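In this text, all values refer to a predicted model and were calculated from it rather than measured experimentally.
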Amino acid sequence: NSLDMISIGILGIMYLALFIRLKEENKSLISISLPFAFIGIAAFIVPRSILLSLNQLTQQYMGATSEVLKNQIITSGQTISVLAIPTFQTVGFFILSIASLLISIVILKTKLIPKLAGYIGIAGFLLTLIDDIFVILAPELATLFMVIGGCFWIIWWVMIGVNLLKIKVE
């Protein structure tokens, strides 16, 4: 979870750089995308950071001297772990993917970033949407769409990152 929180947090820098780079291309879509990006990042990170408290509960459980105290700690852990259900984390990533969709639409209309990145971002959003629908309708297929969509997101992030670095160097 810690690496996920760090990597998603770092994406905030990328979205901010995209905002700065693309704001003149389509100010309205880019301005809408930035809040979605930061709300999505927060919605993704907050439940995961709360889960870090489970480590402390584990230590307390190991040191507990009575069954009553152990049961209280188990109940606390179960309550906290409810925050880890995929829905909360998926919502954060879905909101983040809306930001990426809006940015990808702007990318299709600009020459600053290759159009292929726009198409990949749109495909990543659609796969994320399909994954979220399949979590409800056909959970056994959801993982397949999550993996394929994840590959699209990684490619999109790398393409965007490389393009932003090239802009800075030039």
- Task: Take Leu57 and Tyr61 through the side chain to side chain contact (heavy atoms under 4.5 Å, CB included) test and state the conclusion after the steps.
- Result: CA-CA 6 Å; Leu57 285 177; Tyr61 183 83; over 6 Å; no

Quick one, Met159 with Leu116, criterion side chain to side chain contact (heavy atoms under 4.5 Å, CB included). Give me CA distance, side-chain angles, the key distance, then yes/no. CA-CA 9 Å; Met159 287 182 76; Leu116 180 60; 4.0 Å; yes

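At a threshold of 4.5 Å between non-hydrogen side-chain atoms, the residues Ile103 and Phe19 do not count as touching. Counting heavy atoms from C-beta outward, Phe93 and Trp153 have side chains that approach closer than 4.5 Å. Contact annotation: the side chain of Ile107 approaches that of Ile160 to within less than 4.5 Å [non-hydrogen atoms, C-beta and beyond]. Leu18 has its side chain within reach of Ile113: a pair of non-hydrogen atoms, C-beta onward, lies under 4.5 Å apart. In this structure, the side chains of Leu11 and Ile8 come closer than 4.5 Å at one or more pairs of heavy atoms. No side-chain heavy atom of Val106 sits less than 4.5 Å from a side-chain heavy atom of Leu102. Contact annotation: the side chain of Leu69 approaches that of Gln72 to within less than 4.5 Å [non-hydrogen atoms, C-beta and beyond]. Side-chain contact between Leu22 and Leu112 is present, with heavy atoms from C-beta onward closer than 4.5 Å.
Sparse packing is recorded around NZ of Lys109, with 12 or fewer heavy atoms of other residues, nucleotides or ligands lying under 6.0 Å away. Counting heavy-atom neighbours within 6.0 Å of Tyr119 OH, excluding the residue itself, gives a total of 12 or less.
Of all non-hydrogen atoms in Ala99 and Ala37, the two that sit nearest each other are CB-N, 3.5 Å. Nearest approach of Ser104 to Gly118, heavy atoms of both residues: CB-O, 3.3 Å.
For Tyr15 and Ser100, the side-chain atoms include at least one donor-acceptor pair closer than 3.5 Å.
In terms of modelled atom types and a separation under 3.5 Å, the side chain of Asn71 and the main chain of Glu67 share a donor-acceptor contact. Distance alone, capped at 3.5 Å, is enough to place a donor-acceptor pair between the Trp156 side chain and the Ala117 backbone.
The CH2 atom of Trp157 lies 14.5 Å from the CG atom of Leu164; values are rounded to the nearest 0.5 Å. With rounding to the nearest 0.5 angstrom, the CD1 atom of Ile105 is 10.0 Å from the CD1 atom of Ile30.
For Phe36, the ring pair (Phe, Tyr, Trp, His ring centres under 6.0 Å) criterion is met by no residue, not counting sequence neighbours.
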